[in-house]
Amino acid sequence: MLDQLKYSLQESIQKIDSSIELLIDDIEVSLLFDEKGDFTTNIALKLSKLLKQKPLDLAQLVIKNFSSKDFEKIEVAGPGFINFFLKDQSFLKLLNYEQKRFQDQSTVNIEFVSANPTGPLHLAHGRGAIVGDVLSNLYQFFGHNVTREYYVNNTGNQINEFLSSILYHISSIHNLALPYKQFYKGDYIQDLAEKCFENFKDIFKSKLISKEQELKIVNYAIEYLVSLSIQTLEGSGIVFDQVSYETSIVEKKLLPEIIKELEKKGFVYRGQLHNPKDFQGTKKDNEITIFKSTHFGDDEDRALTKNDGTPTYFANDIAYHVDKHKRGYSRLINIWGADHLGYLKRLSSALSALHPDINFSVVFCQIVNLKRNNEIQKMSKREGTIFELDQLVNEIGIENYRYFMCYRKNDTHMDLDIDLIKKENKENPIYYIQYSFARSQSVLERANKLINKNMDLSLELKNLIKKIHEWDLVVFNSYKRNEVHLISHYLENLASMFHSLWSSAKSNPQIRFLDEDNNLSEEAQSLLKKYQLVLSEGLGILGIKPKLKM
RNA sequence: GCGCUUGUAGCUCAGUAGGAUAGAGCACCAGAUUCCUAAUCUGGGGGUCGUAGGUUCGAUUCCUGCCAAGCGCGCCA
C-alpha cells in the first residue's frame, strides 16, 4: 500500500508541474506510530529547493491534487511534512495487502569464516560466521541462488610453522630428537600431535622425515582441524556448499595469466619495495613483481612475488577471487574481520583492474568482546584465555548465539553480555520475541469456531497492523544494505507491539481475540496468522525456529 | 606518523541518500493480574548527539580542525 501511496503522490506532483522528472524511488514514505498520523512523506520539503517554492505551500498543492480513497484525513504539519490518516476499513486492507516481493535469481557467492586452518574456531570467528550465514539466507529470501563458501589458506609460512610445532611436540614427548621448533602453543596442538603420531607411526620409526612425509602429516592435521571447524559451524546451523583450498587454486595455475594480463594493462612492474621486515645483511638485488595499486588509490604498490620468486598471499588471493569470478557468479561477497580493513583496497584494485565489471563487496565485522559478571573478558592467545566457539554455543544455545551476533550493526564493536543472554525474560530480546509467538499460537489453538465479526480498531491494533506491513520495507532495506541487524531490531519492535495489544485487552475485554465462548473472528485469525508469518520469515532469515509453546 | 572504524541517556546500543519534540532496552521511581501465557504491560525522571568551526530555510546526519578509543600499516597469512 505504501507503493500505491507513492504512485498517487507521483501523480499529484505531475499534475502540479509535468516537467518534473520524479522517480518513484525518490519519494520517501514512512510509517508513523503516534498521533501525527499513519504515514508521512517529506516530499514537499525535498522538492521545495528544486521548485523554489515554500515547503508549506507546496505541501498544500500536493494535497489538493492528491486522490486516494484510503485516507480520511491528510494534513500538512511541521515545516512541510504531509501526514496521512488511514480510514478504519483501510487498515484491514493493509493487513491483507499482498505485496509482490522483489525477486532476483542471479547467483551470489558469499565467502565467510575462512579461518586459518591452524587452530580451532573462537569467538572472533563467530560473528562473521553468523553474519555470513544470515546474509546468505537474506539473499535466498529474495530469490538468489547462493553459494556459501569456506576458504582454507593451506599454504605459506604459517603452515610450515604449524607443521613444525606438531613435530616438535611429537619429538619431545616421544624423545625422537627431531629438528623442529615450536611456534604454536596450546592444548589442541598437543592433542593434534598425538593424533598425528598414532596415525603415522611408521614414519616416526626413522630419524629423518622426508618432505613428502611432512606433507602427508600436515595435510592430515589441516584436514582434521578443518573438519572440526565445519562441525562447529554445523552446530551453529551453518552448512557450507563449497570448501576451497588455496593449494587447489594454485594447482589451476591462474596466476601467470593474471600477471600477464595486468602487465598488458600496464599495472605491473619489476622492482623492489622496502626491505622485508626481517631482512638482514646487504641489500638484495633480486627484483620482484609488483602491482601498481597506487594507481587505484592504495597507499603503496603491493608485491606479487617474494624474493625467492614464490607468489605472495595477495597474489594467490587475486587468483582465488578470479577463480570465483570465472565460476560465473554475478556477485561476490566476502565477510571479513575488521583487522583486514586495510587489505580491501589492494584486492579490489586488482580485481577491478582485471575485471572492471566485477561486482565484489566486503562486509566487515568488528570484534566481539565477551562480558561476564559485568566485566569484559580479555582474550589473549598467550594467556590461554581464548574462548572457543564450541564452548560459547554450548553455553548460551544456538538461538541466543545467532540472534545476538545479528543484534548490532556488523561494523561496530560489540559486547556480548553472557549473563544477559542467559536470562529468560524480556531483558533477552529473543526470548521476548519467542514469547509473543507462543502467545499468538495459544489463541489459535484455543479458538473454538470462526465467527464473522469486526475487530475493534484500538490504537494498539492499528500500530501492530502498520508494523506488520512495514516488514517488506525492512527486509528489503536490510538486503540492499547488507545489514542484518535491521531484522533483529524490527522483530523486537514488532513483538513489543504485539505484547502491547495483548495487555491492552486486560483492561478492555472487548478487544480480546477470543470471546467468552472462545470464538475467534476471521479478522483476528488473519491478523494472528499474518503476525506469525512475518515473525517466521524474520526469524527464519536469522536461522531461528519460532516456538509454538513456551 | 599515516590510513580505516568508532564516540548518541548512568549502562548496552538504534537512528544519519539533511527534516517534526533525537529513540529502545537495562538500571531508577510509581502503577496494572477474578480476564486469550504478568515470561507481560502502563506512566515518570534522565541528553550542550566527543569538541570547535563551516555549508543552509533546517545538521546527530555533509565538510574541516581538534580530543579520545579500537584496528591496520611485511617480499606474514
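Computation of the quantities below employed the complete heavy-atom set of this structure, encompassing side-chain atoms and omitting hydrogens, waters and symmetry-equivalent molecules. In what follows, every chain begins at residue 1, and chains take the letters A, B, ... in the order their sequences are listed.
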On the 0 to 90° scale, with breaks at 30° and 60°, tag the A:His489-A:His485 ring pair as parallel, tilted or perpendicular. perpendicular

Taking salt bridge (charged side-chain N to carboxylate O under 4.0 Å, His left out) as the test, write out the residues that go with A:Glu427, two or more places apart. A:Lys423

Distance between the P atoms of B:rG3 and B:rU60, in whole angstroms? 27 Å

Could you state the CG-P distance from A:Asn477 to B:rA14, rounded to the nearest angstrom? 15 Å

With a 3.5 Å limit on both atom pairs, tell me what B:rU12 is paired to, counting Watson-Crick and G-U wobble, or say none. B:rA24

For the side chain of A:Asp339 and the base of B:rA77, is some donor closer than 3.5 Å to an acceptor across the two? no

A:Asn493 CG to B:rG23 C1': how many Å, rounded? 10 Å

Only pairs with both distances under 3.5 Å count, Watson-Crick or wobble alike; so what is the partner of B:rU48 in this structure? none

Which sits closer to the 5' end of RNA chain B, A:Lys409 or A:Glu424, going by the nucleotide each is nearest to? A:Lys409

Figure out the CH2/C1' separation between A:Trp502 and B:rU37, and round it to whole Å. 6 Å

Return the nucleotide paired to B:rG70: Watson-Crick means purine N1 to pyrimidine N3 with N6-O4 or O6-N4, wobble means G-U with N1-O2 and O6-N3, both under 3.5 Å. B:rC4

Over all strands shown, is A:Lys345 touching base, sugar-phosphate only, or nothing at heavy-atom distances under 4.0 angstrom? nothing

So, does the side chain of A:Ser503 form a donor-acceptor pair with the base of B:rA38 at under 3.5 Å? no

Within less than 4.0 Å of OP1 or OP2 of B:rC36, is there a side-chain N or O belonging to A:Ser442? no

As a test of the definition: with a 90° window around 0 for syn, would you call B:rA17 syn or anti? syn

Between B:rU40, B:rU6, B:rG15, which nucleotide has the shortest distance from any of its atoms to the side chain of A:His485? B:rG15

Measuring only the C1' atom in each nucleotide, how far is B:rC26 from B:rU64? A whole number of Å is fine. 38 Å

Relative to the ring of A:Tyr343, is the ring of A:His340 parallel (under 30°), tilted (30 to 60°) or perpendicular (over 60°)? perpendicular

A:Arg408 has a side chain; which of B:rU37, B:rA14, B:rC13 sits nearest to it? B:rC13

Rounded to whole angstroms, how far apart are NE2 on A:His489 and P on B:rG23? 17 Å

B:rA17, OP1 or OP2 - any side-chain N/O from A:Lys480 closer than 4.0 Å? no

Mind checking A:Asn83 for me? I need base, sugar-phosphate or nothing, with any heavy atom below 4.0 Å counting as a touch. base

B:rU40, B:rG18, B:rA77: which one has an atom nearest the side-chain heavy atoms of A:Asn153? B:rA77

May I ask you to say what A:Thr155 touches in the nucleic acid, namely base, sugar-phosphate or nothing, with a heavy-atom cut-off under 4.0 Å? sugar-phosphate

Is there a side-chain contact between A:Phe112 and A:Leu135 (heavy atoms, below 4.5 Å)? no

Sticking with atom P, work out how far B:rG53 lies from B:rC28, rounded to a whole angstrom. 39 Å

Using a 4.0 Å heavy-atom cut-off, does A:Asp301 contact any base of the nucleic acid, only the sugar-phosphate backbone, or nothing at all? nothing

Rounded P spacing from B:rG44 to B:rU55 in Å: 39 Å

Just how far, in rounded Å, is P of B:rC41 from CG of A:Asn508? 18 Å

Could you measure between the two P atoms, the one in B:rA27 and the one in B:rA69, and give it in whole Å? 31 Å

Separation of B:rC36 atom P from A:Met455 atom CE, nearest Å, is 19 Å

P-based separation of B:rA9 from B:rG47 [nearest Å]: 10 Å

From B:rU12, B:rU6, B:rC41, nucleotide with atom closest to A:Thr412 side chain: B:rU6

Using purine N1 to pyrimidine N3 plus N6-O4 or O6-N4 for Watson-Crick, or N1-O2 and O6-N3 for G-U wobble, both under 3.5 Å, which nucleotide pairs with B:rU34? none

Testing A:Asn116, A:Thr118, A:Asn153 one by one against A:Gln158 for a side chain to side chain donor-acceptor pair (under 3.5 Å), which residue passes? A:Asn116

Heavy atoms from C-beta onward define the side chain here; which of B:rA27, B:rC75, B:rA77 lies closest to that of A:Asn307? B:rC75

Pick the P atom in B:rG15 and in B:rG50, then give their distance to the nearest Å. 15 Å

How would you list, by chain and number, every residue that makes a side-chain hydrogen bond (donor to acceptor under 3.5 Å, both in side chains) with A:Tyr407, sequence neighbours excluded? A:Glu492

When the ring centroid of A:Phe162 is compared with that of A:Phe183, is the distance short of 6.0 Å? no

Name the pairing partner of B:rC75, where a pair is Watson-Crick or G-U wobble with both distances under 3.5 Å, or state none. none

Across the strands shown, which category fits A:Tyr343 at heavy-atom distances under 4.0 angstrom: base, sugar-phosphate, nothing? base

Assert yes or no for the condition that the ring centre distance of A:Phe291 to A:Tyr269 is strictly below 6.0 Å. no

Per nearest nucleotide of RNA chain B, the residue lying toward the 5' end, A:Phe513 or A:Leu45, is A:Leu45

Between B:rA32 and B:rA59, how many Å separate the two C1' atoms, rounded to a whole number? 42 Å

